[in-house]
J.: 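First, the structure itself, so that you have it in front of you.
Chain A is the first sequence line, chain B the second, and so forth, proteins listed ahead of strands; every chain is numbered from 1. Keep in mind that this is a model prediction, so the values were computed, not measured.
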Amino acid sequence: MEIVIETPNSPRKRKGANWEKYGWMYMRISGAVLIVLIFGHLIVNLWDKGVGAIDFAFVAGKWTNPFWQVWDVLMLWLALIHGTNGMRTITNDYAEKEWVRKTLNITLWVVCGALIILGTLVATTFDPCIDPNAVNYLPTVCK
Amino acid sequence: MAKLPAGTLYRGKVGMWSWVLHRITGVAIFFFLLVHILDTSLVRVDPEAYNGVMATYKTVIIGFGELGLVAAILFHAFNGVRIILIDFWRKGFKYQNLMFWIVVAIAFILFAGFAPRHLMHVFSYNN
């Protein structure tokens with residue numbers, strides 16, 4: 001077999017897009033946006049009236065406003081991809097066997113995709129009057 | 001003991017420990033996010049089921065867990081800004097050590113403001 005030794009100074013040849021670079025950029029851009037989105041989320045949900053005030057009617061009150069639907073869906077996509085890519089970095093660092101690393105990374109992205117689809121559907125198809133019989137739990141718009 | 005090479009950002013001291021903390025807080029926030037998407041999804045299933053799960057978030061024990069979550073988010077967010085500044089700001093590398101302590105100070109001040117209010121919310125709900 002012929003062994004080819006590349007010239008050390010020659011520029012590195014790449015096949016296709018540089019995904020690691022895009023991932024690196026994504027972490028910083030999404031991170032900056034997430035600071036605004038998550039701090040806003042915490043101020044409205046945890047700081048303002050406290051965790052005790054969160055119930056179905058509270059969510060309905062927010063999600064009948066498209067502003068918060070867009071806010072939450074954007075937060076979902078940015079945060080979950082940011083977190084999944086971070087977890088991928090960690091498995092790449094610590095998983096020593098190649099099949100373990102690949103299995104974990106595939107699992108991470110499958111879970112990420114499934115939860116993005118689930119969360120997006122939940123926020124966009126939300127129905128505040130989902131069960132007219134559960135009168136006690138419904139927001140005032142349904143009564 | 002071998003002397004540390006000069007100009008190393010990630011080996012030893014603040015550069016390394018901020019990186020370790022960034023990972024630990026990141027993993028913790030990630031697993032909370034997974035749970036949080038699933039519990040919120042219950043609003044599409046049944047209002048009563050959603051309120052039942054939310055009742056767990058309002059207990060004293062989970063209330064303290066929420067303090068930990070907010071602390072993790074505060075550190076991760078501001079240390080993330082520090083990382084961006086190290087990467088994109090010309091003087092970021094020079095001030096990375098100082099910026100770490102600024103991150104800790106900002107996170108601590110905001111946490112000190114949040115914690116009493118959150119505990120008041122939690123304990124008044126449980127009384």
J.: For A/L46 and B/H121, work out which heavy atoms get closest and say how close.
T.: O-ND1, 3.8 Å

J.: Does some side-chain heavy atom of A/I130 sit less than 4.5 Å from a side-chain heavy atom of B/D46?
T.: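 Sidechains of A/I130 and B/D46: no contact.
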
J.: With a 4.5 angstrom heavy-atom cut-off, could you sort out which part of A/V51 is near chain B: side chain, backbone, both or neither?
T.: both

J.: Do B/W89 and B/L98 sit in one hydrophobic cluster, given that two such residues count as connected whenever their side-chain heavy atoms are within less than 4.5 Å of each other, even indirectly?
T.: yes

J.: Name the option with the most non-hydrogen atom pairs under 4.5 Å to chain A; the candidates are B/H118, B/M54, B/R117, B/H22.
T.: B/R117

J.: Which one of A/L80, A/D127, A/T89 has the most heavy-atom pairs closer than 4.5 Å to chain B?
T.: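 Of A/L80, A/D127, A/T89, A/L80 has the most heavy-atom pairs under 4.5 Å with chain B.
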
J.: Would you mind checking which part of A/M75 comes under 4.5 Å of any heavy atom in chain B, side chain (CB onward), backbone (N, CA, C, O), both or neither?
T.: neither

J.: Count the heavy-atom pairs under 4.5 Å between each of A/G83, A/A32, A/C112, A/G52 and chain B, then report the option with the highest count.
T.: A/G52

J.: Would you say B/F78 and B/I24 are hydrophobically clustered, going by side-chain heavy atoms of ILVMFWY under 4.5 Å?
T.: yes

J.: Test salt bridge (charged side-chain N to carboxylate O under 4.0 Å, His left out) on B/R23 and A/D93; report intermediate values, then the result.
T.: CA-CA 12 Å; B/R23 286 211 153 172; A/D93 276 356; 2.5 Å; yes

J.: Same cluster or not: A/I117 versus A/V73, using hydrophobic residues (I, L, V, M, F, W, Y) connected whenever any side-chain heavy atoms lie under 4.5 Å apart?
T.: no

J.: Is it the backbone or the side chain of A/I54 that comes under 4.5 Å from a heavy atom of chain B, or both, or neither?
T.: both

J.: If we define contacts as heavy-atom pairs under 4.5 Å, which of A/L121, A/L118, A/I90 has the most with chain B?
T.: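 Among the listed options, the one with the most contacts to chain B is A/I90.
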
J.: Do B/K58 side-chain atoms and A/A53 backbone N/O form a donor-acceptor pair below 3.5 Å?
T.: no

J.: Please classify the contact of A/L115 with chain B as side chain, backbone, both or neither, using a heavy-atom distance under 4.5 Å.
T.: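 For A/L115, backbone and side chain are both near chain B.
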
J.: What residue in B/F31, B/F114, B/Y57 has the most heavy-atom pairs under 4.5 Å with chain A?
T.: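 If we count pairs closer than 4.5 Å to chain A, B/F114 comes out on top.
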
J.: With a cut-off of 6.0 Å (strictly less than), are more than 12 heavy atoms of other residues, nucleotides or ligands near CH2 of A/W47?
T.: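 Count over threshold, so yes.
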
J.: Working to the nearest 0.5 angstrom, can you tell me the gap between A/R28 CZ and B/D87 CG?
T.: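 The CZ atom of A/R28 sits 4.5 Å away from the CG atom of B/D87.
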
J.: Name the region of A/F39, side chain, backbone, both or neither, that has any atom closer than 4.5 Å to a heavy atom of chain B.
T.: side chain

J.: Given that the side chain runs from C-beta out, which part of A/I29 has a heavy atom under 4.5 Å from chain B: side chain, backbone, both or neither?
T.: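 Interface part for A/I29: neither.
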
J.: Under a 4.5 Å heavy-atom cut-off, does chain A meet the side chain of B/V53, its backbone, both or neither?
T.: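 It is neither, since no heavy atom gets under 4.5 Å.
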
J.: Heavy-atom pairs under 4.5 Å with chain B - which of A/L42, A/T84, A/D72, A/L34 has more of them than the others?
T.: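 Most heavy-atom pairs under 4.5 Å with chain B: A/T84.
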
J.: Give, as side chain, backbone, both or neither, the part of A/I38 having an atom under 4.5 angstrom from any heavy atom of chain B.
T.: side chain

J.: So which residue, A/K49, A/H82, A/M27, ends up with the most heavy-atom pairs under 4.5 Å with chain B?
T.: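 Of A/K49, A/H82, A/M27, A/K49 has the most heavy-atom pairs under 4.5 Å with chain B.
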
J.: With a 4.5 Å cut-off on side-chain heavy-atom distances among I, L, V, M, F, W and Y, is there a chain of contacts connecting A/V36 to A/W77?
T.: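 As far as the 4.5 Å side-chain criterion goes, A/W77 and A/V36 are not connected within one cluster.
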
J.: Could you tell me which of B/V43, B/I29, B/L34 has the largest number of non-hydrogen atom pairs under 4.5 Å with chain A?
T.: B/V43

J.: Give a yes or no on whether the backbone of A/D55 and the side-chain of B/N51 come within a donor-acceptor separation of less than 3.5 Å.
T.: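 No: the side chain of B/N51 does not pair with the backbone of A/D55.
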
J.: For the hydrophobic clusters of this structure (ILVMFWY residues joined by side-chain heavy atoms under 4.5 Å, transitively), does one cluster hold both A/V70 and A/L37?
T.: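 Different clusters.
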
J.: Evaluate whether atom CH2 of A/W24 has more than 12 neighbouring non-hydrogen atoms of other residues, nucleotides or ligands under 6.0 angstrom away.
T.: yes

